[in-house]
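Please read all numbers here as calculations on a predicted model, not as lab measurements.
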Amino acid sequence: MGQFAASDRTDDLPEAMAELAGEFHALAQRDRLQLLLELANDLPDLPERYAGRLDEMEKVDECQSPVFLAVEVDPEGERAVHLHLSAPPEAPTTRGFAGILHESLDGLPAEEVLAVPDEAPFRFGLAEAVSPLRMRGMVGMLGRIKRQVRAHISIDERQ
């Protein structure tokens with residue numbers, strides 16, 4: 001994976017992600033971490049069908065903490081994407097990254113999710129506040145989300 005540069009560009013992000021990136025950039029560095037923690041607290045619990053079934057979800061190996069995700073794509077219409085992410089409470093930064101992705105991508109059409117630039121995690125002004133390993137984890141989450149969306153679309157097209 002190549003190194004991505006931090007940027008405050010938002011014109012190529014989905015609306016909700018661009019707004020969230022703008023919120024981060026409007027804050028001082030220390031306050032950005034506070035917003036990240038708020039997003040960590042807002043990450044929804046897994047739906048009952050995934051509760052206690054992390055083995056049925058994809059593990060995000062790029063994350064230092066145990067993060068699991070499942071992506072569902074509506075089979076018709078705009079092909080809305082539904083994200084289910086699990087990150088432990090004792091890993092608030094990682095949970096916050098999962099919260100950013102859930103808040104800004106859940107419910108979007110598959111086409112919009114796939115169009116998110118791979119370096120989008122670097123658009124929130126957090127690269128200076130957290131370790132490169134943590135940033136790698138968020139890039140990994142986004143990459144796996146997009147890969148699962150592509151897989152769902154490919155399977156649906158073959159049926």
Side-chain angles (χ1 to χ4, degrees), residues 1-48 50-54 57-72 80-150:
M1 172 176 17
Q3 185 60 34
F4 297 116
S7 168
D8 58 3
R9 181 178 173 201
T10 60
D11 63 325
D12 60 344
L13 299 177
E15 184 178 347
M17 185 175 272
E19 287 176 10
L20 202 48
E23 286 180 39
F24 274 96
H25 282 285
L27 298 172
Q29 194 69 264
R30 67 185 180 285
D31 296 329
R32 290 177 188 173
L33 290 176
Q34 185 58 44
L35 179 55
L36 189 63
L37 294 179
E38 289 173 24
L39 287 162
N41 293 331
D42 291 344
L43 184 66
D45 292 334
L46 291 175
E48 196 172 309
Y50 290 114
R53 296 182 162 165
L54 295 180
M57 301 175 75
E58 181 173 2
K59 185 174 192 304
V60 182
D61 293 324
E62 295 87 349
C63 290
Q64 294 175 292
S65 305
V67 175
F68 296 86
L69 66 88
V71 176
E72 298 169 354
V81 172
H82 306 284
L83 302 178
H84 308 290
L85 295 135
S86 170
E90 59 274 10
T93 302
T94 302
R95 244 183 108 72
F97 286 155
I100 286 173
L101 293 171
H102 186 273
E103 176 86 17
S104 57
L105 300 178
D106 187 64
L108 289 183
E111 186 176 300
E112 285 187 47
V113 172
L114 292 174
V116 172
D118 293 339
E119 80 281 0
F122 288 88
R123 309 277 185 91
F124 294 87
L126 293 166
E128 303 81 23
V130 300
S131 73
L133 272 175
R134 297 230 184 268
M135 292 305 301
R136 181 175 172 257
M138 188 174 174
V139 170
M141 280 186 244
L142 176 60
R144 289 171 184 271
I145 288 166
K146 290 170 65 173
R147 188 186 52 69
Q148 282 197 29
V149 168
R150 280 191 293 275

### Task
Check whether any side-chain heavy atom of Phe124 sits under 4.5 Å from a side-chain heavy atom of Leu36, and report yes or no.
no
### Query
Can you tell if the side chain of Thr94 reaches within under 4.5 Å of the side chain of Arg134, non-hydrogen atoms only?
yes
### Message
Check this for me: Glu103, atom CD, are more than 12 non-hydrogen atoms of other residues, nucleotides or ligands nearer than 6.0 Å?
### Response
no
### Task
Any chance you could measure His102, atom NE2, to Ile145, atom CD1, to the nearest 0.5 Å?
9.5 Å
### Query
If you count the non-hydrogen atoms of other residues, nucleotides and ligands that lie under 6.0 Å from CD in Gln29, is the total more than 12?
yes
### Point-to-point distance, once rounded to the nearest 0.5 Å, from CE of Met138 to OG1 of Thr93
11.5 Å
### Shortest non-hydrogen separation from Cys63 to Met141 and the atoms involved
SG-CE, 3.8 Å
### Task
Give a yes or no on whether Glu90 atom CD has more than 12 heavy-atom contacts from other residues, nucleotides or ligands under 6.0 Å away.
yes
### Query
Minimum heavy-atom separation for Gly96 to Ala40, with atom names?
N-CB, 3.5 Å
### Query
Does atom CZ of Arg53 have more than 12 heavy-atom neighbours from other groups under 6.0 Å away?
no
### Task
To the nearest 0.5 angstrom, please state how far the CD1 atom of Ile100 sits from the CG atom of Leu35.
7.5 Å
### Close side-chain approach of Pro14 to Ser104, heavy-atom, < 4.5 Å
no
### Task
Please tell me if the side chains of Phe24 and Arg123 come closer than 4.5 Å, counting only heavy atoms from C-beta onward.
no
### Task
Kindly indicate, with the supporting measurements, whether the criterion side chain to side chain contact (heavy atoms under 4.5 Å, CB included) is fulfilled by Leu108 and Val81.
CA-CA 6 Å; Leu108 289 183; Val81 172; 5.6 Å; no
### Message
Counting C-beta onward and ignoring hydrogens, is there a side-chain heavy-atom pair between Val139 and Glu62 closer than 4.5 Å?
### Response
no
#### Entry: Ala87 backbone acceptor or donor facing Arg95 side chain under 3.5 Å
yes
### Task
Starting from the C-alpha separation in whole Å, work towards a yes-or-no answer on side chain to side chain contact (heavy atoms under 4.5 Å, CB included) for Leu20 and Leu13.
CA-CA 10 Å; Leu20 202 48; Leu13 299 177; over 6 Å; no
### Query
Quick one: CE on Met17 to OG1 on Thr10, what's the gap to the nearest 0.5 Å?
11.5 Å
### Query
Taking atom CZ of Arg32 and atom CD of Glu23, what is their separation to the nearest 0.5 Å?
12.5 Å
### Query
What are the two closest non-hydrogen atoms of Asp12 and Pro117, and how far apart are they?
OD2-CG, 3.3 Å
### Query
Quick check: are there more than 12 heavy atoms from other residues, nucleotides or ligands sitting under 6.0 Å from CD of Glu15?
no
### Query
Parallel, tilted or perpendicular: which fits the ring planes of Tyr50 and His84, with parallel below 30° and perpendicular above 60°?
tilted
### Message
Any heavy-atom pair between the side chains of Leu142 and Leu101 that's under 4.5 Å?
### Response
yes
### Message
Against Met57, only a single residue in Val71, Val67, Leu46 fulfils side chain to side chain contact (heavy atoms under 4.5 Å, CB included); can you say which?
### Response
Leu46
### Query
Going from CG on Asp61 to CZ on Arg144, what distance comes out if it is rounded to the nearest 0.5 angstrom?
5.0 Å
